[in-house]
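Note sheet for the following structure.
Counting convention: from 1, in listed order, for ligands and their atoms alike. Worth saying up front: this structure is predicted, and the values here are computed from it rather than measured.
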Amino acid sequence: MAVILDGKATSLKVLDKVKERVSKLNTTPHLVVILVGDNPASKIYVNNKKKAAEKVGIKSTILEFGVNITENELLSEIAMLNNDNDVTGILVQLPLPEHIDKNKIITSISPKKDVDGFHPENGGKLLLGVEPYFYPATPQGILMLLDEYNIELDGKNAVVVGRSNIVGKPMAQMLLKRNATVTMCHSHTQNLNEIIKTADIVISAVGKKIIRCKMVKKNSCMIDVGIFRDNNGKLTGDVDFDIVSPTCGFITPVPGGVGPMTIASLMYNASKVYL
Ligand code: NAP
């Protein structure tokens, strides 16, 4: 039976380290989270981020705007935050309403305050192998979890399923930086099962029960980023845990795997101050 990669326990360790790091700074980091509209899931995420920030001594503010805020109004709010030396991190909770161009908003955040690591300057640096100000929280949290369990990446075959800008693409770059041999899969990939069979490490970020096969490599590592509700309303992930866990060597649970690591990793980012 596989070793369960305990994201909850590891995230608490990371948060302890972040708390210690914050206590040694000669300034208090201040994270501003922007929430537009009244998406209930977004409200929960934003409140969880605020709670985590408070636990580690990071000041946090949630700025809430109605769904009808214009793109220009939002851009001016961000410009003010960029110029405010009391604010060290800015995060815009996604999704945004359709009339607002997400990419324009992300690009308007100062790369030095872009704690999500989604700004093109940070993404571009990651692609070029230059140190960005911030790495995206989910892939960075996954690497923290792999490191906690001493899972070797150098020279290993890593398969990333899903090519989103927030998980799949940065994950692939970060694995390359750690000298893994990376294969990226997506909805047009042929013979996904055959590719999964070759993987020492699988990172699945799809949002559908996609890894059902028993044919995972013996002792491989399964990182399940996906989180969604099944037909019975139960939270589940991309990987069929019961089928895969007897064969693989390491596996993340859902919930309690990648989710808590993402928050801890975000707090690590929010503790970085570039003024
Ligand atoms: P996304 O934007 O929802 O995109 C899904 C990706 O999956 C796309 O690249 C898509 O391919 C690919 N895909 C869809 N069907 C597929 C199939 N049959 N075979 C292979 N690939 C397929 O991705 P995301 O935002 O990264 O989210 C993915 C999941 O991770 C969601 O469940 C989300 O809730 C979860 N998530 C969790 C955390 C966390 O902290 N736990 C953080 C972020 C996301 P195409 O590009 O070809 O369409």
When you look at Lys51 and Glu54, which way does the salt bridge (Lys or Arg N to Asp or Glu O under 4.0 Å) test go after all the steps? CA-CA 5 Å; Lys51 273 189 216 150; Glu54 280 161 5; over 6 Å; no
Stepwise ring pair (Phe, Tyr, Trp, His ring centres under 6.0 Å) test for Tyr268 and Tyr135: CA-CA 10 Å; Tyr268 170 74; Tyr135 289 96; 9.2 Å; no
When you look at Lys112 and Glu121, which way does the salt bridge (Lys or Arg N to Asp or Glu O under 4.0 Å) test go after all the steps? CA-CA 10 Å; Lys112 292 184 176 179; Glu121 182 175 330; over 6 Å; no
Derivation and outcome, side chain to side chain contact (heavy atoms under 4.5 Å, CB included), residues Ile196 and Val161: CA-CA 9 Å; Ile196 299 285; Val161 193; 4.1 Å; yes
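For atom 27 (O) of ligand 1, the nearest protein heavy atom (residue, atom name, distance) is Ala205 O, 4.5 Å. Closest to atom 35 (C) of ligand 1, if we only count protein heavy atoms, is Val225 O, 3.5 Å. Distance from atom 4 (O) of ligand 1 to its nearest protein heavy atom, with residue and atom name: Ser164 CB, 4.5 Å. Regarding atom 48 (O) of ligand 1, its nearest protein heavy-atom neighbour is Ser187 OG, 3.6 Å. Given atom 9 (O) of ligand 1, the protein heavy atom at minimum distance is Arg163 N, 2.8 Å. The single protein non-hydrogen atom nearest to atom 44 (C) of ligand 1 is Val167 CG2, 4.0 Å, given as residue, atom name and distance. For atom 21 (N) of ligand 1, the closest heavy atom belonging to the protein is His186 C, 3.1 Å. Summary of contacts: the protein heavy atom closest to atom 31 (C) of ligand 1 is Gly207 CA, 3.8 Å.
Within the listing of ligand 1, atoms 29 (C), 30 (O), 32 (O), 35 (C) sit less than 4.0 angstrom from a heavy atom of Gly226. For ligand 1, the atoms lying closer than 4.0 Å to a non-hydrogen atom of Ile166 are 25 (O). Counting the atoms of ligand 1 from 1 in the order shown, those under 4.0 Å from a heavy atom of Lys208 are 14 (C), 15 (N). Of all atoms in ligand 1, listed by their number and element, those nearer than 4.0 Å to a heavy atom of Ile210 are 17 (C), 18 (N), 19 (N). Residue contact check: Val161 has heavy atoms under 4.0 Å from atoms 20 (C), 21 (N) of ligand 1.
For the pair Ser42 and Leu35, the minimum side-chain heavy-atom distance is below 4.5 Å.
For the ligand labelled ligand 1, residue Gly259 lies inside the 4.0 Å heavy-atom shell.
Lys214 and Thr247 form no side-chain donor-acceptor contact under 3.5 Å, judged by distance and modelled atom types alone. If you check the side chains of Asn269 and Gln140, you find a donor sitting under 3.5 Å from an acceptor.
Summarising the contacts of atom 5 (C) of ligand 1 with Thr252, Val206, Ile195, the nearest heavy atom is found in Val206.
For CZ of Phe241, the number of neighbouring non-hydrogen atoms (other residues, nucleotides, ligands) closer than 6.0 Å is greater than 12.
Seen from the ring of Tyr133, Lys272 does not count as a face-on cation partner, given the 6.0 Å and 45° thresholds.
Without hydrogens or angle criteria, Thr10 side chain to Gly7 main chain gives no donor-acceptor distance under 3.5 Å.
Between Thr262 and ligand 1, at least one N/O pair is under 3.5 Å apart.
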